[in-house]
Amino acid sequence: MVPMFYSYRRRLLPLSLGIALSSWSAVGLAAPDSAVLSKDLARDLAGGDIAQAESSTPGDTDPAAPSEAPMPEADTSGLEPGEVAVPLFTDEADAQTELGQPPLPQSERPTDEGFDTPPDYLTPDPNPLLVPTQPEDVEIIGTQPLSLETAINLAFANSEQLRIALLQLDRTQAGLQAERSRLLPTVDLSGNLQTSSSSAPGGGGMGFGGGDSTTTTLSSNLRTDYDLGLSGERAARIRAAERQVRLAEIRVEQTREELRLATTTDYYAVQEALEQIRINEAFLAAAERNLSDTSLREEVGVGTRFDVLQAEVQVANARQALTQAISQRQITQRQLARRLNIQPSIDLTTLAVNIAGAWPLSLEESIVLAYQNRAELEQFLVEREFNDAQRQISLAALRPSLGVFGQYGVQSLLSSSTGASASINDGFTVGAQLSWRLFDGGGARARATQNEIDIQIDETEFEDARNSIRIEVEEAYYTLVANQANIDTASVAVNQAVEALDLANLRFNAGVGTQLEVINAIRDLTEAEGNLVTAVLNYNRALARLERSISNLGGPEDL
């Protein structure tokens with residue numbers, strides 16, 4: 001399979017489609033030059049409209065406009081088509097004066113290794129309860145290019161779902177510690193201050209006779225108890241808590257793998273939207289050139305109104321397609337920013353499209369490796385052990401329980417109206433306690449039966465997950481192979497479409513072809529370029545799904 005991948009590199013390199021190929025062994029992302037972020041694009045452009053700033057050129061200046069210091073130009077070498085380069089402030093003091101607040105932190109663009117320490121604008125706000133209240137709090141004021149690996153690392157650092165899974169793991173570990181505390185004896189200290197009054201006969205008064213006596217005593221007890229674990233409940237509870245910790249660890253692993261796949265999918269969606277903008281911009285430029293040529297021919301009397309109308313329709317369709325592609329880019333960028341949970345004022349863009357790598361395993365080897373690695377299979381086995389521990393806890397209610405205890409007590413007479421002298425008495429007691437519930441109406445047995453059924457459910461779910469994992473691996477593998485072939489086919493189709501467009505233009509200029517042939521050739525070239533980009537990105541998506549199906553892999557290079 002690997003030699004087949006290298007054949008695609010030879011075919012794809014001659015194409016000018018913005019697809020940067022580095023190697024077939026792993027993701028090779030180009031290292032950009034500098035960051036493109038600013039504090040406020042509208043203020044930087046002296047209050048001009050953002051849409052006008054995007055469409056303006058350095059030569060479009062107004063002679064009547066007041067003279068202003070030139071702004072430094074932003075580096076546009078790493079931006080994809082459709083992205084706007086945002087100029088940077090030259091001096092932090094100028095930014096502070098202009099905007100009344102500190103500028104955004106600036107950073108060099110990421111390399112394949114990413115950021116050593118992500119800048120503040122790529123990390124979520126430390127206050128999770130903060131809600132923006134002003135429009136400027138959510139205004140997009142900068143665009144940051146990211147490599148795929150950097151995006152995945154940011155997702156791991158910022159994701160709320162992963163943070164919740166880690167907190168749940170900490171919670172289960174605390175629960176395990178609580179259950180293990182049963183292995184130690186308990187020690188209780190109690191105290192009692194008591195005043196009692198009694199009447200003695202012979203004192204008279206109201207016909208009852210006798211005298212009153214009051215006594216005040218102070219007593220305290222120190223008691224320790226220890227369960228010998230004869231019923232097995234303590235060991236079963238500890239085992240159940242251990243299984244809960246393992247389940248929480250598995251959920252963390254599952255969350256990380258799902259987050260990796262979701263981030264990769266969102267990243268490729270941004271790449272696809274940017275490529276569609278580039279393709280549609282080229283299509284629109286070609287259609288406008290064709291319209292200009294057709295209109296000129298009509299003016300000199302060698303063309304027809306029908307040809308002009310066809311060319312105008314093609315231009316209108318191209319503009320609509322470009323508008324839709326720009327909208328899709330904005331949507332996918334915000335989705336990626338949401339996935340990474342970055343500051344709401346920062347937009348993200350991607351590096352050039354790359355073929356992510358090769359898959360070195362056969363289908364059969366991939367399926368077996370998935371069975372060994374997938375956390376979902378281990379999850380049901382752990383749940384089975386947890387339910388078995390719950391069954392032991394239920395049955396422990398019918399078993400004898402034996403515990404030992406020791407108690408030391410002190411009692412002191414503080415005062416007495418009878419004239420008795422104060423005294424201190426103490427004593428020590430040790431013993432054992434046996435308890436055994438002989439009949440509970442069948443409740444414990446019924447709960448144990450429930451746990452046994454839960455075990456059967458876990459075994460059935462394990463079988464279902466095993467079969468589903470095989471389907472996932474096969475689907476991703478077959479999609480990978482199909483798009484592997486599609487890349488080769490699409491690259492040939494692009495070359496053929498370019499040649500067909502050249503011939504259509506030559507035929508039309510020579511008077512032996514029609515305007516319809518040129519229009520069809522332009523459309524075919526656009527479709528072929530789109531098919532090539534789609535094939536490459538679908539290949540990358542299939543590779544990401546295959547890695548997720550195997551699980552516990554950062555990429556094919558880990559195999």
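The chain is numbered in sequence order, starting from 1.
Remark: the backbone N or O of Leu351 is paired with a side-chain donor or acceptor of Gln271 at under 3.5 angstrom. In this structure, Tyr267 contributes its side chain and Leu146 its backbone to a donor-acceptor pair below 3.5 Å. At distances below 3.5 Å, not a single donor-acceptor pair connects side-chain atoms of Gln144 with backbone N or O atoms of Asp347. Judged purely by atom type and a 3.5 angstrom limit, Thr224 uses its side chain to pair as donor or acceptor with the backbone of Thr186.
When all heavy atoms are compared, the tightest approach of Tyr268 to Ala356 is OH-CB, 3.8 Å. A pairwise comparison of heavy atoms in Ile140 and Pro344 identifies CD1-O, 3.4 Å as the closest pair. Here the closest heavy-atom approach between residue Asn341 and residue Asn158 is recorded as ND2-O, 3.0 Å. Among all heavy-atom pairs drawn from Val382 and Arg246, the shortest one is CG2-CG, 3.8 Å. The two atoms that bring Arg237 and Ile393 nearest to each other are CG-CD1, 3.5 Å, heavy atoms only. Of all non-hydrogen atoms in Pro360 and Ala358, the two that sit nearest each other are CD-O, 3.6 Å.
In this structure, Arg391 pairs ionically with Asp388, as a charged nitrogen and a carboxylate oxygen lie closer than 4.0 Å. Note on Arg223 versus Asp225: salt bridge recorded, some NZ/NE/NH1/NH2 to OD/OE distance being below 4.0 Å. For the pair Glu258 and Arg548, the salt-bridge criterion is met [side-chain N within less than 4.0 Å of a carboxylate O]. The pair Glu472-Arg374 counts as a salt bridge, with a side-chain nitrogen and a carboxylate oxygen less than 4.0 angstrom apart. Comment: Arg541 engages Glu272 in a salt bridge, judged by a side-chain N to carboxylate O separation of less than 4.0 angstrom. Taking the charged nitrogens against the carboxylate oxygens, Glu459 and Arg384 do have a contact shorter than 4.0 Å, which makes a salt bridge. Remark: Glu253 does not engage Arg256 in a salt bridge, criterion side-chain N to carboxylate O under 4.0 Å. Electrostatic pairing of Arg243 and Glu383 does not count as a salt bridge here, judged by no charged N lying under 4.0 Å from a carboxylate O.
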Output, in order, the C-alpha distance, side-chain angles, deciding distance and verdict of side chain to side chain contact (heavy atoms under 4.5 Å, CB included) for Phe380 and Asp464. CA-CA 10 Å; Phe380 294 118; Asp464 178 68; over 6 Å; no

Dump the intermediate steps for side chain to side chain contact (heavy atoms under 4.5 Å, CB included) on Gln343 and Leu122, then the final yes or no. CA-CA 6 Å; Gln343 297 286 346; Leu122 292 181; over 6 Å; no

Between Ser196 and Thr215, does the side-chain hydrogen bond (donor to acceptor under 3.5 Å, both in side chains) criterion hold? Intermediate values first, please. CA-CA 5 Å; Ser196 60; Thr215 304; 4.6 Å; no

The test is side chain to side chain contact (heavy atoms under 4.5 Å, CB included); show your working for Arg251 and Leu169 and say whether it passes. CA-CA 9 Å; Arg251 292 189 189 99; Leu169 174 59; over 6 Å; no

Step by step, work out the side chain to side chain contact (heavy atoms under 4.5 Å, CB included) result for Leu377 and Ile469. CA-CA 9 Å; Leu377 293 181; Ile469 287 173; 3.7 Å; yes

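Between the side chains of Gln244 and Arg171, not a single donor N or O lies within less than 3.5 Å of an accepting N or O. No donor-acceptor contact under 3.5 angstrom links the side chains of Tyr408 and Asn221, judged on distance only. If you check the side chains of Gln379 and Gln254, you find a donor sitting under 3.5 Å from an acceptor. Residues Asn451 and Ser394 bring a donor and an acceptor atom of their side chains to less than 3.5 Å of each other. Residues Ser159 and Gln161 have side chains that bring a donor and an acceptor to within less than 3.5 angstrom of each other.
Counting heavy atoms from C-beta on, the side chains of Thr350 and Leu274 come closer than 4.5 Å. Between Leu183 and Ile238 the shortest side-chain heavy-atom distance falls below 4.5 Å. Contact check for Thr263 versus Phe156: no side-chain heavy atoms found under the 4.5 Å cut-off. Looking only at side-chain heavy atoms (C-beta outward), Ile342 and Pro124 stay at 4.5 Å or farther from each other. Within the 4.5 Å cutoff, the side chain of Asp266 has no heavy atoms near those of the Val270 side chain. Inter-residue side-chain proximity for Tyr371 and Arg470 is flagged as met; some heavy-atom pair is nearer than 4.5 Å. Between Val410 and Ser219 the shortest side-chain heavy-atom distance does not fall below 4.5 Å. Residues Thr460 and Phe462 are not in side-chain contact: their nearest non-hydrogen atoms beyond the backbone lie 4.5 Å or more apart.
Distance check: Trp359 CH2 to Glu547 CD gives 6.0 Å after rounding to the nearest 0.5 Å. Distance check, rounded to the nearest 0.5 Å: CG of Asp227 to CG of Leu184 gives 12.5 Å. The line from CG of Leu348 to OG1 of Thr150 is 11.0 Å long, rounded to the nearest 0.5 Å. The line from CG of Asn538 to CG of Leu543 is 12.5 Å long, rounded to the nearest 0.5 Å. One finds the OG1 atom of Thr449 at 8.5 Å from the CZ atom of Arg445 (value rounded to the nearest 0.5 Å). For the atom pair Asp454 CG and Asn387 CG, the distance stands at 4.5 Å (nearest 0.5 Å).
Around CZ of Arg437, the count of heavy atoms belonging to other residues, nucleotides or ligands within 6.0 Å does not exceed 12.
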